[in-house]
Amino acid sequence: MPEIDVLQGLNSKQAEAVTHTEGPLLILAGAGSGKTTVLTRRVAYLISRGVHPGSILAITFTNKAANELKTRIEALLGEKAKGVWAMTFHSACVRILRTELPGLGRSGRFTIMDSDDQVKLMRKVLKELNLSEKQYTPSGVLKAISAAKDNLMGPEEYAKTALTFYETKVQQAYELYQRKLRELDGMDFDDLLMETVMMFRTHPQVLAKYQAKFAHILVDEYQDTNRVQYELTKLLAAAHHNIAVVGDDDQSIYTFRGADIRNILEFEEDYPRCRVVKLEQNYRSTQVILDGAFNVVRNNARRKEKRLWTAQEGGQPITLYAAQSGEDEARFVAGEIENLAVQGVPLNAVAILYRTNAQSRTFEEAFVERGIPYSVLSGRRFYDRKHIRDAVAYLRLILNARDAVAFERIVNEPPRGLGPAAVRKITEYAAVSGVDLVQALSAASEIKGLNGPQRKAAAELGTAIGGIALKALGQPPHITLRDVLEATGYIPHLDAQGTAESQERLDDLRELLASVRVFAEAGGGLEEYVEQYALVSDQDTYDETKDACVMGTFHSAKGLEFDVVFLVGMEEGVLPHARSIGEEHQIEEERRLLYVGMTRAKRILYMTFSWSREMSLGLGRARVSRFVSEIPRELLDVKTWED
DNA sequence: CTGGAGCGTCTTTTT
DNA sequence: GACGCTCCAG
């Protein structure tokens with residue numbers, strides 16, 4: 001493939017970022033500056049220069065972005081491009097750990113515990129430690145633990161820094177939580193990263209293997225990396241320093257999750273020989289939109305000085321709509337979308353963005369009423385539904401008969417007369433006799449304290465799951481899923497209910513089966529399915545070809561673009577969020593959030609707010625967001641419900 | 001001991 | 001509007 005193709009159509013800065021292949025590179029890429037193109041071309045360029053695809057590690061923020069990267073590279077280079085490691089931090093770590101842990105005497109078949117599992121487990125921990133959930137909320141303790149893991153502190157290290165009474169209790173919870181995870185052969189999201197770094201630190205030969213393997217490392221959305229992620233890339237790049245990071249400090253919106261903006265601000269200090277390339281030409285938005293966004297974000301004290309420019313002069317002013325109520329706001333948005341549709345704007349070119357997920361409801365109702373198709377940018381919504389999680393828990397138990405979290409989830413779902421007391425007896429039996437949970441179920445007749453019906457129900461469940469587990473290896477995963485939901489009575493139970501709700505759930509399960517089938521036909525096995533299940537994100541399920549407008553949070557819209565964008569709920573207490581008011585650096589993050597939202601728009605930008613809003617306690621008066629007043633008046637076209 | 005009804009509480013953003 | 005908790009009938 002001639003080199004000229006790979007550089008075709010790039011501006012000089014972009015070309016520089018693509019062709020600087022040896023040594024550290026910091027690409028400061030403003031919103032809409034062709035970042036994905038640069039990443040794609042860079043990988044293609046490396047391969048065209050003879051770099052083996054398998055020695056390129058490209059870390060992206062979502063699986064969707066990773067897949068897009070792969071597809072676009074293959075479009076450029078064809079078969080030659082196969083083998084690039086394009087994935088998220090978490091998927092890369094899972095892959096490394098599954099490969100390496102068995103050689104170190106540890107299990108490579110761990111289950112990934114998602115946030116729901118974590119909370120359930122933490123509840124148990126707190127109960128065991130006699131800590132009241134009022135004072136020590138599971139999410140609060142988990143947040144502290146997550147922060148510790150982000151800073152690479154295990155329970156022992158954390159103990160050294162735990163000073164307050166609260167922290168010593170958290171420390172105890174941390175220790176017990178980790179012990180329980182080990183017993184379950186589970187890892188939470190943070191463990192995946194921390195364990196990988198720990199393994200690299202304690203086993204230099206393993207680290208050396210990956211340092212040799214990945215001759216070139218690329219990291220996207222670098223402004224949103226946290227300490228472990230930073231450490232991980234630093235370790236991997238230590239031997240050759242062929243590390244290219246792409247980011248924009250103005251788009252750092254994940255500090256609540258430990259993202260450290262210093263990683264990007266201080267990259268040049270970490271790698272003194274580093275080349276810095278700034279991409280400031282924007283190919284996405286009109287000048288009006290860029291000016292509006294710039295005038296907001298310029299108010300942040302902590303940022304690198306820069307300003308985007310575009311060859312597209314002018315543009316439509318930003319419409320600011322003052323609504324009478326939340327319903328009126330939704331009515332306005334729906335009405336405008338209908339008008340735009342008449343003018344020929346396709347629905348999938350329109351997005352509605354809000355600060356919190358709960359805000360979607362009013363809009364969904366208005367859209368349903370008017371028959372406007374929409375899809376919510378929150379793939380986890382589907383996967384987090386109770387019955388979907390139940391179904392996956394059955395699969396988890398088939399794969400790992402010691403997965404106590406999955407076991408407890410489904411042992412009495414549908415109701416089988418096996419309540420908490422019976423479950424405790426079964427798990428105790430398993431622990432004492434050294435058998436797994438499914439074997440314990442099958443041996444229910446030997447468990448003391450269970451009554452007749454309980455013994456029968458438990459044995460049946462054990463036989464059903466055990467039987468299917470035996471067959472699972474040789475058949476496609478969707479068949480296994482269907483069989484287990486039938487044989488354990490899950491689907492029959494829903495069928496028997498015959499309510500509208502149970503029908504919906506059955507439909508959801510059918511959808512799940514269909515998606516597993518698609519996954520299987522693409523060559524995926526049961527194990528891979530369950531693994532990626534825990535790692536799917538909001539964006540991963542987004543289908544841009546569907547004829548529907550998109551709704552999502554500001555966060556979930558990261559990296560996406562739309563012709564028309566509505567930013568709704570532009571009120572004090574919503575954006576900036578009430579919990580961010582008071583702390584200047586949190587206000588700055590909220591401001592960046594708005595910046596990200598505004599720069600999603602290519603042609604037309606709306607911002608709306610309402611004078612009154614339904615709050616948790618009755619109707620509240622609202623005030624327009626402080627950020628709106630930072631936008632120069634001449635860029636705005638102000639409308640109210642009275643017009 | 002289990003399952004279901006009814007009640008109060010809390011809801012920022014997410015890999 | 002989802003979930004945990006309490007209370008009571010079987």
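Proteins come first, then strands; the chains are lettered A, B, ... in the order of their sequence lines, and each starts at number 1.
Taking atom CG of A/N357 as the reference point, atom C1' of B/dT13 lies 8 Å away to the nearest angstrom. Across the protein-nucleic acid pair, A/E531 atom CD and B/dT15 atom P stand 16 Å apart, rounded to whole Å. Rounding to whole angstrom units, CD of residue A/Q359 and C1' of B/dT12 are separated by 10 Å. Atom CD of A/Q118 and atom P of B/dT15 are 13 Å apart (whole Å). If you take CD of A/E572 and P of B/dT12, they are 18 Å apart, rounded to a whole angstrom. Put simply, CG on A/L377 is 10 Å from P on B/dT15, counting in whole angstrom units. Separating the OH atom of A/Y354 from the C1' atom of B/dT11 is a distance of 15 Å, rounded to the nearest angstrom. When rounded to the nearest whole Å, the span between CG of A/D220 and P of B/dT15 equals 15 Å.
A salt bridge does not link A/E408 with A/K120: none of the charged nitrogens is closer than 4.0 Å to a carboxylate oxygen.
The outermost nucleotides of DNA chain C lying under 4.0 Å from heavy atoms of chain A, listed 5' to 3', are C/dG1 to C/dG4.
Among residues two or more places apart in sequence or in another chain, the salt bridge (charged side-chain N to carboxylate O under 4.0 Å, His left out) test is passed with A/D250 by A/R303, A/K306. Shown here are the salt bridge (charged side-chain N to carboxylate O under 4.0 Å, His left out) partners of A/R257, two or more places apart in sequence or in another chain: there are none. A/R396 is linked by a side-chain hydrogen bond (donor to acceptor under 3.5 Å, both in side chains) to A/D117, A/D403, counting only residues two or more places apart in sequence or in another chain. Every residue two or more places apart in sequence or in another chain that forms a salt bridge (charged side-chain N to carboxylate O under 4.0 Å, His left out) with A/R109 is listed here: A/E527. Under the rule for a side-chain hydrogen bond (donor to acceptor under 3.5 Å, both in side chains), the partners of A/T608 that lie at least two apart in sequence or sit in another chain are A/E329.
Contacts between residues 252-261 of chain A and DNA chain B, defined by a heavy-atom separation under 4.0 Å, are made by A/Y254, A/F256, A/R257. Non-hydrogen atoms lying under 4.0 Å from DNA chain B are contributed by A/H577, A/R579, all within residues 577-589 of chain A.
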Scan nucleotides 1-8 of chain B nucleotide by nucleotide, 5' to 3', and note B when protein non-hydrogen atoms come under 4.0 Å of the base, S if they reach only the sugar-phosphate, - if neither. SSS-----
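At least one test fails for A/R623 against the ring of A/F609: distance under 6.0 Å to the centre or angle within 45° of the axis.
For B/dT12, the OP1/OP2 oxygens have no side-chain nitrogen or oxygen of A/T553 closer than 4.0 Å.
Nearest heavy-atom pair across A/V94 and A/I112 is CG2-CD1, 3.9 Å.
Sorted by first and then second residue, the pairs that involve residues 573-586 of chain A and meet side chain to side chain donor-acceptor pair (under 3.5 Å), not counting sequence neighbours, are A/S580-A/E590. Pairs of residues two or more places apart, or lying in two chains, that qualify as salt bridge (charged side-chain N to carboxylate O under 4.0 Å, His left out) and include a residue from residues 144-154 of chain A are A/K149-A/D188, A/K149-A/D191. Counting only residues at least two apart or on different chains, no ring pair (Phe, Tyr, Trp, His ring centres under 6.0 Å) pair has a member in residues 111-131 of chain A.
Between the CZ atom of A/F110 and the CD atom of A/E531 there is a distance of 7.0 Å, given to the nearest 0.5 Å. In this structure, CD1 in A/I217 is found 5.5 Å from CD1 in A/I243, a value given to the nearest 0.5 Å.
Classification of the A/Y166-A/Y136 ring pair by plane angle, with boundaries at 30° and 60°, yields parallel.
Within the nucleic acid shown, A/R592 has no heavy atom closer than 4.0 Å to any nucleic acid atom.
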